Number of protein chains: 2
Amino acid sequence: MFDQFRNKFRLDDDKWNDYTGCFKRMKVSARTALLKEGDIPKNMFLIEKGCIRVWFNNDGKDVTTQFFFENNMVSSIESFRKGYPSPVTIETIEPCVLWYIHKKDADRIIAEVSELPVFREMIIDTVFERTFDYMKQFFSFIKDTPQQRYLNLVKEKPQVVQRVPQHYIASYLGVSTVHLSRIKSKLAKEK
Amino acid sequence: MFDQFRNKFRLDDDKWNDYTGCFKRMKVSARTALLKEGDIPKNMFLIEKGCIRVWFNNDGKDVTTQFFFENNMVSSIESFRKGYPSPVTIETIEPCVLWYIHKKDADRIIAEVSELPVFREMIIDTVFERTFDYMKQFFSFIKDTPQQRYLNLVKEKPQVVQRVPQHYIASYLGVSTVHLSRIKSKLAKEK
DNA sequence: GGCGGGCAATAACATTTGTTATCAAATACG
DNA sequence: CGTATTTGATAACAAATGTTATTGCCCGCC
């Protein structure tokens, strides 16, 4: 599971085994909350198999903001770092096989490796990328119509359209399920 | 101008003077672009007097995404770090007095101070805060009505409502100027 | 002090999107 | 295998928001 990351890091075997040994494997069924809105994150997850969505409660309706698939790391990252209550719930969509690491281990690893400038850069870059993702998603919400957002999703994240139930997609796109149906049927006609 | 930051940092006077000496003062008139969409950021700005908006072009219409006022640092931060073309334009609204620092000086300072764990934490936290801001703005776009977003703005950033022309505010809220007018008149009647 | 242009309010109408309800199809699971 | 549940499509109507056009105001500038 971790071999895919091996060549990114120049760590000696002892360190590498120490760090990867902090991850534990678990299986969970579909629709299981790994972190609940308002709770303080204890773990970070790496997906071996399955998919996960991130959502928050808006007046009783859930609003999905992100999807994750195999090999993605998942956490409510800002809360994880600062120990704040999470603004979102993290929940499996399909049955999943996950690897998780406890916050205290993650903190230790980050502190150790960030003594090295190359890791420091990497950490900062990672956070910047996260910011950039939010920015892009936010901009797309402002400038694109729901139909355009749907087309972008089909193009950029085809897995989502293939694997995720449509009502989650509708809430991710910011429209009602009915309207997403309309968009799809309109696109089908045009084609 | 920099005294307000003095007590946040435990630097000896030599370093402090070195770093603050990298900032130059300039005056610019209203509606001046400090950075244009597509250009690579060369400078970062600190506002002594005036206000600034960040916007991007959407099919000929401009969409405002942020406002900045006195004592704010302004940059297209993700692009500034990576040397990417900026996705946004940074433009003065009022005549401004600004301090700016060149990227090469900023890079040197960041590299120097991030040897110290306390600064490293500070830098990472700053980026996280930025991410958190985007997230909040994004979530508010999804969950709040335009009227609610307007009320939030009045409450949280009264300066914007007082100093910024209404059509910029409308585009910031994601509605037409006509609809913002409607919202205001509706609120006035209810009151 | 007058004038042109940017700015804001409003009305009328068009379009988009949401809501509710109903039905059909797909899927899960005992 | 059959039944319950989830999922998706569609129609009809309601509400929100955009577009265009008009008017009046205010403010900077000659």
Side-chain angles (χ1 to χ4, degrees), chain A residues 28-32 50-51 53 55 58-64 67 91-96 140-151 153-154 159-191, chain B residues 28-32 50-51 53 55 58-64 67 91-96 140-154 160-191:
Chain A
V28 294
S29 53
R31 293 160 172 260
T32 306
C51 75
R53 72 185 181 113
W55 62 277
N58 179 27
D59 248 2
K61 294 175 189 167
D62 52 307
V63 178
T64 299
F67 298 106
E91 189 179 307
T92 58
I93 295 175
E94 305 171 351
C96 288
S140 153
F141 237 87
I142 297 177
K143 67 188 294 187
D144 299 328
T145 62
Q147 175 171 323
Q148 190 57 53
R149 283 205 300 284
Y150 178 72
L151 289 171
L153 191 67
V154 170
Q159 285 200 93
V160 172
V161 184
Q162 287 154 15
R163 290 170 65 173
V164 174
Q166 189 160 314
H167 61 281
Y168 296 151
I169 299 179
S171 98
Y172 178 81
L173 295 174
V175 298
S176 63
T177 55
V178 175
H179 195 62
L180 177 53
S181 260
R182 277 197 286 245
I183 289 170
K184 287 176 73 175
S185 92
K186 190 184 156 212
L187 288 171
K189 276 178 198 159
E190 285 173 3
K191 204 179 189 182
Chain B
V28 295
S29 53
R31 293 161 171 258
T32 306
C51 73
R53 73 186 180 111
W55 62 275
N58 179 27
D59 249 1
K61 293 176 188 167
D62 52 307
V63 177
T64 300
F67 299 106
E91 188 179 306
T92 58
I93 295 176
E94 305 172 351
C96 288
S140 153
F141 237 87
I142 297 176
K143 67 190 292 188
D144 299 329
T145 62
Q147 175 170 324
Q148 192 55 53
R149 283 205 299 284
Y150 178 72
L151 289 171
N152 292 347
L153 191 67
V154 169
V160 172
V161 184
Q162 286 154 17
R163 291 169 65 173
V164 174
Q166 188 160 316
H167 60 283
Y168 296 151
I169 299 179
S171 98
Y172 177 82
L173 295 175
V175 297
S176 63
T177 55
V178 175
H179 196 63
L180 177 53
S181 262
R182 277 197 285 246
I183 289 169
K184 287 175 71 174
S185 92
K186 189 184 156 212
L187 288 171
K189 275 178 199 158
E190 286 174 3
K191 206 180 186 182

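The chains referred to below are lettered A, B, ... by the order of the sequence lines, with proteins before strands, and numbering in each begins at 1. Just so it is clear, the model here is predicted, and its values are computed rather than measured.
- We find that CG of A:Leu173 is positioned 11 Å from P of C:dG18, with the value rounded to whole Å.
- In terms of phosphate contacts, B:His167 brings a side-chain nitrogen or oxygen within less than 4.0 Å of OP1 or OP2 of C:dA8.
- To the nearest angstrom, C1' of D:dA16 lies 15 Å from CZ of B:Phe141.
- Heavy-atom distances to DNA chain C give each of B:Ser185 and B:Tyr168 a nearest nucleotide, and the one nearer the 5′ end belongs to B:Tyr168.
- Look at CD1 on A:Ile183: it is 11 Å from P on C:dT16, rounded to the nearest Å.
- To the nearest 0.5 Å, the span separating NE2 on B:His167 from OG1 on B:Thr177 amounts to 9.0 Å.
- The line from CD1 of A:Ile142 to CG of B:Asn58 is 9.0 Å long, rounded to the nearest 0.5 Å.
- For A:Gln166, the listed nucleotide lying nearest its side chain is D:dA9; candidates were D:dA9, C:dA9, D:dT7.
- Atom-to-atom distance recorded for B:Leu187:CG and B:Leu151:CG is 5.0 Å, nearest 0.5 angstrom.
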**Prompt:** Where along nucleotides 19-30 of chain D does protein come under 4.0 Å, by heavy atom, of base (B) or sugar-phosphate alone (S), with - for untouched nucleotides?
**Reply:** BB----------

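- Rounded to whole angstrom, the span from the CZ atom of A:Arg149 across to the C1' atom of C:dT17 amounts to 12 Å.
- Residue A:Cys51 holds its SG atom at 11.0 Å from CD of A:Glu91, rounded to the nearest 0.5 Å.
- Across D:dT10, D:dT6, C:dA8, the shortest atom-to-atom separation from the side chain of A:Arg31 is found for D:dT6.
- The structure places CD1 of A:Ile169 at 11.5 Å from CD1 of A:Ile183, a figure rounded to the nearest 0.5 Å.
- Spacing between atom CG of B:Leu180 and atom P of D:dG18 amounts to 10 Å, rounded to whole angstrom units.
- Distance from the side chain of B:Ser181 is smallest to C:dA9 among D:dT7, D:dT17, C:dA9.
- A:Gln148 has its CD atom 17 Å from the C1' atom of C:dT17, to the nearest Å.
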**Prompt:** When you look at B:Val160 and B:Tyr168, which way does the side-chain contact (heavy atoms from CB on, under 4.5 Å) test go after all the steps?
**Reply:** CA-CA 10 Å; B:Val160 172; B:Tyr168 296 151; over 6 Å; no

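- Using a distance-only test at 3.5 Å, with no hydrogens or angles considered, no donor-acceptor pair links the side chain of A:Thr32 to the main chain of A:Thr92.
- Over its full length, the helix from C:dG1-D:dC30 to C:dG30-D:dC1 turns its helical axis through 50°, comparing axes from the five pairs at each end and rounding to 10°.
- Annotation: the span from A:Leu173 atom CG to A:Leu153 atom CG amounts to 6.0 Å, rounded to 0.5 Å.
- B:Gln147 places its CD atom 12 Å from the C1' atom of D:dA16, with the value rounded to the nearest Å.
- B:Asp62 places its CG atom 14 Å from the P atom of C:dG6, with the value rounded to the nearest Å.
- Closest of all the heavy-atom pairs between A:Arg149 and A:Phe141 is NH1-O, 3.6 Å.
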